Amino acid sequence: MATNLSTALGPYHHHSDTNHRRPFHFTKKRFTISCNSSKRAPPPPPPSSAVAQESKNPSLADQLKPLSTTILSDQPNETHLLSKPKSTWVNPTKPKPSVLSLQRHKRASPYSYNPQIKDLRQFAKKLNDCEESDFVAVIEGIPHPPTRENALLVLNSLKSWQKTILFFNWVKAQNVFPLETIFYNVTMKSLRFGRQFQHIEDLAFEMIEKGLELDNITYSTIITCAKRCNLFDKAVEWFERMYKTGLMPDEVTYSAVLDVYAKLGKVEEVMSLYERGRASGWKPDPIAFAVLAKMFGEAGDFDGIRYVLQEMKSIGIQPNLVVYNTLLEAMGKAGKPGLARSLFEEMVDSGIVPNEKTLTALIKIYGRARWARDALDLWERMRVNGWPVDFILYNTLLSMCADLGLVEEAERLFEDMKGSEKRKPDSWSYTAMLNIYGSGGNVEKAMALFKEMSKTGVDLNVMGCTCLIQCLGRAKKIDDLVRVFETSINGGVKPDDRLCGCLLSVVSYCEGEDADKVLSCLEQANPKLVEFVKLLCGDESANFDVVKEEFKRILSSTAVEARRPFCNCLIDICRNRNFHERAHELLYLGTIYGLYPGLHTKTDEEWRLNVRSLSVGAAHTAFEEWMGTLAKIVQRQETLPALFSANTGAGTHKFSQGLGNAFASHVEKLAVPFRESEGKSGFFVATREDLVSWVQSKAPLVMTTACTN
DNA sequence: ATAGGGTTAG
């Protein structure tokens, strides 16, 4: 279902409902097109009903509606908006409708010098240090009378939210002066630190009851607290309430709310708010851009990231460190390592010194992109320039080494960490090392690490467990595998779908007793999956429709990233147990459930089979299927392209190694005229003439192995 | 220090 803004904005919407409200159909593409155009459409006027009722404080929903309608309408059917706008809109005597106040809330003047400050600081320290049960008694020792200034100073110094509340209530009970908004705001700040949304909301209601003014600081504190507690509906609710009472958000509250919608993934709402704010004359600051950049990064939306850069440029805002960090991270998520690299160089050239987060983002990007040269160069620059390093960055460097297969570099860093006082390896560090040894097939070193962990008291986590099991499975050390699995489960590891996929892949290449041992591990983690394996291979009479339904059920309860591996392994299991037809059925189901997008690509000149993301068995199955289809086409004498190719990938990824070789021997066995391309490894090509004559000589055989639907 | 908004790990 499409997101509907009126739903998102809650109950405040209903009274201004009109028939031009429509659900959002705001796709990424459309957004980008509309926002990238250099000329921004002038903001449309608010609906006349809103102007009449609340010309000063139109509701947020009313503010957003016309804009979204303008952007989203499928046809330019905006006559109801444009029929009488001029008088309202262009008339300079009327103010522009505005969604935010361009002026920030004015702060009270800072404290004047007070000779009692030193005593009060000491007193606050005593309060912070004492037991909570003694707190009230300690308060009584306050060295100076709790005047407004004195009370504020102490209230500001308390660290735990429980003590803040106790002190707040004590001051209230003294009844020396009425507690103003600032007392509530300071108290809320402490509660927010303790993530106590309910307490904050109670205080807010108390303010309303007493008729105290809730200002922008109050609202932004409430909203960000709700956000940090993941109570997004509450955050939106309080933002709406603010408009309702006639208070306009300033840019701090406004960007806090942008972040709320961004965290909800409501890109279109964020952009409506942003554009509305811009139309009101708002000049967004770096924090607002960090919010947008983060949002587009999470969505992997490169066009959105470009839009942010372009906006900053046109407004004349230089990114600061945080904005650069966010943009780098976003570039990584959008799969643009090269642009991340240039952005980083631009940042350094502009004189900004990278921090741990910058370097963590970049190292991660280079590792994932398998850019060993850039990763190592950056590592060297970190050392030479003395750039800051922290624990997360160390672990990220280790993971990068795992991605790139840099065994010695990782071992050196790992030893450094063991030797340091502050940065002892934790379960993340061990996981990275297990990943390195596991993918390199070094069982001895991997098992040595496993033993070392139990000695040093570092818990194996689910990912480390997966790496180790994969390694032991490949080495056919099934008894060790079972022991590691049992130990992990007893140690509190919760098996996830990746671990199950890993066990399933071990099952695919094991036989007899070994396979049964691994299956009984899998049974503990995912009994349904084991049941399905038995359905596939145990009972030959299980019909296709039953398999289809069960498979659908399994997949829909599996994490997206583990679905294709599951299907690959299941195909391998069927093939290795001589259920070839089942394998074809599973490949067919995997294809219709969208697990293999882009498996076939066709142009007039060339048809290509892309098996890079398939397991060996699945790739064989797909190839046989392809040849079977081809045989039918030849039989029917339909048109064929001049060239056929199959792409296995060159096996640069540590898990896809061997696919090319397996494929080569498979085509050799079938005597199909595919030859590995000389220039490109992992590319197998055949001409139409060769293939057609092969099909004609082998047609009966191919036809029998092909799935008949 | 002295009431409010943004960024790091499969």
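All of these numbers come straight from a predicted model, not from anything done at the bench. Every chain is numbered from 1, with letters handed out A, B, ... down the list of sequences.
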Using only heavy-atom distances, decide whether a donor-acceptor pair under 3.5 angstrom links the side-chain of [X] to the base of [N].
X: A:T187; N: B:dA3; result: no
X: A:N156; N: B:dT2; result: no
X: A:T431; N: B:dG10; result: yes
X: A:T224; N: B:dG5; result: no
X: A:D285; N: B:dG5; result: yes

How is [X] classified with respect to the nucleic acid when contacts are heavy atoms under 4.0 Å: base, sugar-phosphate, or nothing?
X: A:V186; result: sugar-phosphate
X: A:R192; result: sugar-phosphate
X: A:K227; result: sugar-phosphate
X: A:V323; result: base
X: A:S157; result: base
X: A:N320; result: base

Can you tell which of [options] lies closest to the side chain of [X]?
X: A:N325; options: B:dT7, B:dG4, B:dG6; answer: B:dT7
X: A:N461; options: B:dT7, B:dA3, B:dG10; answer: B:dG10
X: A:D390; options: B:dT8, B:dA9, B:dG4; answer: B:dT8
X: A:L153; options: B:dT7, B:dT2, B:dG10; answer: B:dT2
X: A:T396; options: B:dT7, B:dA9, B:dG6; answer: B:dA9
X: A:V322; options: B:dG5, B:dG4, B:dT7; answer: B:dT7

[X] side chain N/O closer than 4.0 Å to the phosphate oxygens (OP1, OP2) of [N]?
X: A:R228; N: B:dG5; value: yes
X: A:K189; N: B:dA3; value: no
X: A:K364; N: B:dG10; value: yes

Could you state the [atom1]-[atom2] distance from [X] to [N], rounded to the nearest angstrom?
X: A:K333; N: B:dA9; atom1: NZ; atom2: C1'; value: 10 Å
X: A:I363; N: B:dT8; atom1: CD1; atom2: P; value: 17 Å
X: A:L247; N: B:dG4; atom1: CG; atom2: P; value: 17 Å
X: A:Y394; N: B:dA9; atom1: OH; atom2: P; value: 19 Å
X: A:R104; N: B:dA3; atom1: CZ; atom2: C1'; value: 13 Å
X: A:L155; N: B:dT2; atom1: CG; atom2: P; value: 15 Å
X: A:D259; N: B:dG5; atom1: CG; atom2: P; value: 11 Å
X: A:I392; N: B:dT8; atom1: CD1; atom2: C1'; value: 5 Å

Side chains of A:P145 and A:V176: closer than 4.5 Å at any heavy-atom pair?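 A side-chain contact under 4.5 Å is absent here.
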Looking at residues at least two apart in the chain, or sitting in another chain, which of them share a salt bridge (charged side-chain N to carboxylate O under 4.0 Å, His left out) with A:E380?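 So A:E380 forms a salt bridge (charged side-chain N to carboxylate O under 4.0 Å, His left out) with A:R383.
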How would you list, by chain and number, every residue that makes a salt bridge (charged side-chain N to carboxylate O under 4.0 Å, His left out) with A:D497, sequence neighbours excluded?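 A:D497 satisfies salt bridge (charged side-chain N to carboxylate O under 4.0 Å, His left out) with no residue once adjacent residues are dropped.
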Is it the case that [X] and [Y] place a side-chain donor and acceptor less than 3.5 Å from each other?
X: A:Y184; Y: A:K210; value: yes
X: A:S427; Y: A:D459; value: no
X: A:N461; Y: A:T431; value: yes

Under 6.0 Å between the ring centres of [X] and [Y]?
X: A:Y437; Y: A:Y430; value: no
X: A:W238; Y: A:F205; value: yes
X: A:W161; Y: A:F193; value: no

What are the residues of residues 213-221 of chain A, sorted by number, that bring a heavy atom to within less than 4.0 Å of DNA chain B?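 Heavy-atom contacts with DNA chain B come from A:D215, A:N216, A:I217, A:S220, A:T221.
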